[in-house]
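In what follows, a structure is listed as structure tokens, so that the remarks can point back to it.
Worth knowing before you read on, the calculation uses all heavy atoms, side chains too, and leaves out hydrogens, waters and symmetry mates.
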Amino acid sequence: MNMETHSDILRFYPNFIEYIRMILLGFAMWFVNTNWKLCIFSYCISFGLDVIDGPIARKMNQVTRFGASLDMLCDKASTPTLLFSLASKYPDLSWLFISCILLDITS
């Protein structure tokens, strides 16, 4: 029986991928008004990492409830991050982006 400690779980490779995703989402928001190319690049890399974290977790036998929760948190943060960034960039359409956020939250 393999008994991981809490600190071991925090250091699992798929969880590091999630930490990087959150940092990239922060970069995307930071650069939305100053460098749209870097904003899109950061967001797309974060999105791409979402594709590989699950298979890596299963392949390395590092599937945990913490990792699943962290993945869900990152997924739920990425849509509002993009929409808030767009609302900031295009204030005339902010009502549309805020409506999409509300739809995402209530669905």
For the hydrophobic clusters of this structure (ILVMFWY residues joined by side-chain heavy atoms under 4.5 Å, transitively), does one cluster hold both [X] and [Y]?
X	Y	value
M29	F27	no
I23	L38	yes
L10	F12	yes
V51	I56	no
Y13	I45	yes

Exercise for review: With sequence neighbours excluded, tell me which residues meet side-chain hydrogen bond (donor to acceptor under 3.5 Å, both in side chains) with S88.
Suggested key: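 By the side-chain hydrogen bond (donor to acceptor under 3.5 Å, both in side chains) rule, S88 matches N33.
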Gap between atom [atom2] of [Y] and atom [atom1] of [X] - 0.5 Å precision:
X	Y	atom1	atom2	answer
I101	S94	CD1	OG	10.0 Å
Y43	L24	OH	CG	12.0 Å
I17	M22	CD1	CE	15.0 Å
S78	L49	OG	CG	11.5 Å
D71	F66	CG	CZ	11.5 Å
L103	I98	CG	CD1	13.0 Å

Point to revise | Donor-acceptor contact below 3.5 Å, side chain S46 vs main chain S42 | key: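 No, because the side chain of S46 does not come within donor-acceptor range (under 3.5 Å) of the backbone of S42.
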Practice item. Give a yes or no on whether the backbone of I9 and the side-chain of N15 come within a donor-acceptor separation of less than 3.5 Å. Key: yes
Review point. Do you know which two heavy atoms are closest between P80 and D104, and how far apart they sit?
Key: CD-OD2, 4.1 Å
Review point. What pair of heavy atoms forms the shortest contact from C100 to L83, and how long is it?
Key: CB-CD1, 3.6 Å
Review point. In terms of ring plane angle, is the pair F16 and Y19 parallel, tilted or perpendicular, where the classes change at 30° and 60°?
Key: perpendicular
Check your understanding: Does OH in Y90 sit with more than 12 non-hydrogen atoms of other residues, nucleotides or ligands closer than 6.0 Å?
Key -> no
Point to revise | Residues, nucleotides or ligands: over 12 heavy atoms within 6.0 Å of F31 CZ | key: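 Yes - once you tally the heavy atoms of other residues, nucleotides and ligands closer than 6.0 Å, there are more than 12.
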Review point. Restricting to pairs with a member in residues 22-33, which pass salt bridge (Lys or Arg N to Asp or Glu O under 4.0 Å), not counting sequence neighbours?
Key: none
Review point. Does L86 reach the side chain of V32, with side-chain heavy atoms less than 4.5 Å apart?
Key: no
Exercise for review: May I ask you to say whether R21 pairs ionically with D75, meaning some side-chain N is under 4.0 Å from a carboxylate O?
Suggested key: yes
